[in-house]
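Start at 1 with the first residue, then count along the sequence.
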Amino acid sequence: MSTIPITKRGAEKLKDELHRLKTIDRPGVIQAIAEARAQGDLSENAEYDAAKDRQGFVEGRIQEIEGKLSAAQVIDPVSVDAGGRVVFGATVELEDEKSGEAVTYQIVGEDEADLKLGLINISSPIARALIGKEEGDVAEVHAPSGVRRYEIVAVSYV
């Protein structure tokens, strides 16, 4: 399995979720299963079936997060020295050449991406178009709505 880039903040978020799953959700599901078992006949016990389904989800998510964390290459954007180039973890201020609209994105890992917060996935079309570029360069993004051109106004590592 190859390494998966993730920011320090993203790794902490995954570790927090893993801790919650192991210390709160897992014991809660075990308790729910025990209570459902105490009701008797399991063949027609909806609470038991729901608790077992929830247990499957919790255990699956724990395995998924542990796998991601074991393959993660944690990158702290503050310590990146890319000489002004756009790299993983960089925060990029862009201006749409057509509309003049300014947007700011940080390039992050798959689990951290949230467009509403300006966090874009490293494998998204816009991130792929930006990687390796510098301030003043123009990036062409092949989006479903067509080709869009963005000028890179600033690159920072925060």
Which side-chain N or O atoms in residues 150-158 pair as donor and acceptor under 3.5 Å with protein atoms at least two apart or in another chain?
{"unit_1": "Tyr157", "atom_1": "OH", "unit_2": "Gly84", "atom_2": "N", "d": "3.2"}
{"unit_1": "Tyr157", "atom_1": "OH", "unit_2": "Arg85", "atom_2": "N", "d": "3.1"}
{"unit_1": "Tyr157", "atom_1": "OH", "unit_2": "Arg85", "atom_2": "O", "d": "2.5"}

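Shown here for Ile120 and Ala113, the closest heavy-atom pair between the two residues is C-CB, 4.2 Å. Nearest heavy-atom pair across Ser2 and Ala71 is O-CB, 3.8 Å. Shown here for Lys22 and Pro27, the closest heavy-atom pair between the two residues is O-CD, 3.4 Å. Closest non-hydrogen pair, Pro77 versus Gly89, comes out as CB-O, 3.4 Å. Smallest separation of non-hydrogen atoms from Val141 and Ala129: CG2-CB, 3.9 Å.
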>> Before you tell me yes or no, could you show the steps for Ile122 and Ile131 under side chain to side chain contact (heavy atoms under 4.5 Å, CB included), namely the whole-Å CA-CA distance, both residues' side-chain angles and the distance that decides it to 0.1 Å?
In response: CA-CA 9 Å; Ile122 183 76; Ile131 295 291; 3.7 Å; yes

> For Arg54 and Asp25, what are the C-alpha separation, side-chain angles and deciding distance, and is it a side chain to side chain contact (heavy atoms under 4.5 Å, CB included)?
Replying inline: CA-CA 9 Å; Arg54 177 82 179 132; Asp25 293 359; 3.5 Å; yes

> Yes or no on side chain to side chain donor-acceptor pair (under 3.5 Å) for Glu35 and Gln31, after CA distance, side-chain angles and deciding distance?
Replying inline: CA-CA 6 Å; Glu35 288 172 7; Gln31 180 65 34; 3.0 Å; yes

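Legend: residues meeting salt bridge (Lys or Arg N to Asp or Glu O under 4.0 Å) with Asp96, ordered by chain and number and at least two apart, are Arg148. Residues satisfying the salt bridge (Lys or Arg N to Asp or Glu O under 4.0 Å) criterion with Lys52, sequence neighbours excluded, are absent altogether. In this structure, the side-chain contact (heavy atoms from CB on, under 4.5 Å) partners of Glu110, at least two apart in sequence or on a different chain, are Asn121. Every residue was checked against the salt bridge (Lys or Arg N to Asp or Glu O under 4.0 Å) condition with Arg37, not counting sequence neighbours, and none meets it. Applying the side-chain hydrogen bond (donor to acceptor under 3.5 Å, both in side chains) criterion to Glu47, with sequence neighbours excluded, gives no partner residue. In this structure, the salt bridge (Lys or Arg N to Asp or Glu O under 4.0 Å) partners of Arg26, at least two apart in sequence or on a different chain, are Glu59. Residues satisfying the side-chain contact (heavy atoms from CB on, under 4.5 Å) criterion with Glu12, sequence neighbours excluded, are Lys15. Listed by chain and residue number, nothing satisfies the side-chain hydrogen bond (donor to acceptor under 3.5 Å, both in side chains) test with Gln73 (two or more places apart in sequence, or in another chain).
The CZ atom of Arg61 sits 7.5 Å away from the CG atom of Leu21 when rounded to the nearest 0.5 Å. Going from atom NZ of Lys68 over to atom CD1 of Ile6 covers 8.5 Å, rounded to the nearest 0.5 Å. Taken to the nearest 0.5 Å, the CD1 atom of Ile75 stands 13.0 Å off from the NZ atom of Lys8. To the nearest 0.5 angstrom, Leu14 atom CG is 12.0 Å from Arg9 atom CZ. Interatomic distance, CD1 of Ile65 versus NE2 of His19, reported as 12.5 Å (0.5 Å rounding).
Partner of Leu94 under the side chain to side chain contact (heavy atoms under 4.5 Å, CB included) criterion, out of Thr104, Val86, Val103: Val103 alone.
Leu119 shares a hydrophobic cluster with Val108, Leu117; the chain of contacts runs through ILVMFWY side chains whose heavy atoms sit under 4.5 Å apart. Alongside Ile24, the hydrophobic cluster contains no other residue (criterion: ILVMFWY side chains under 4.5 Å).
Remark: side-chain polar atoms of Asn45 are paired, donor with acceptor, to backbone N or O of Ala36 under 3.5 angstrom.
For residues 134-146, every residue pair satisfying the side chain to side chain donor-acceptor pair (under 3.5 Å) rule, not counting sequence neighbours, is listed here: Glu140-Arg149.
No single ILVMFWY cluster, assembled from side-chain heavy atoms under 4.5 Å apart, contains both Tyr105 and Val78. Placement of Leu115 and Ile107 within a single hydrophobic cluster is found when ILVMFWY residues are connected by side-chain heavy-atom separations under 4.5 Å, directly or transitively. With hydrophobic clusters built from ILVMFWY side chains whose heavy atoms lie under 4.5 angstrom apart, Leu18 shares a cluster with Phe57.
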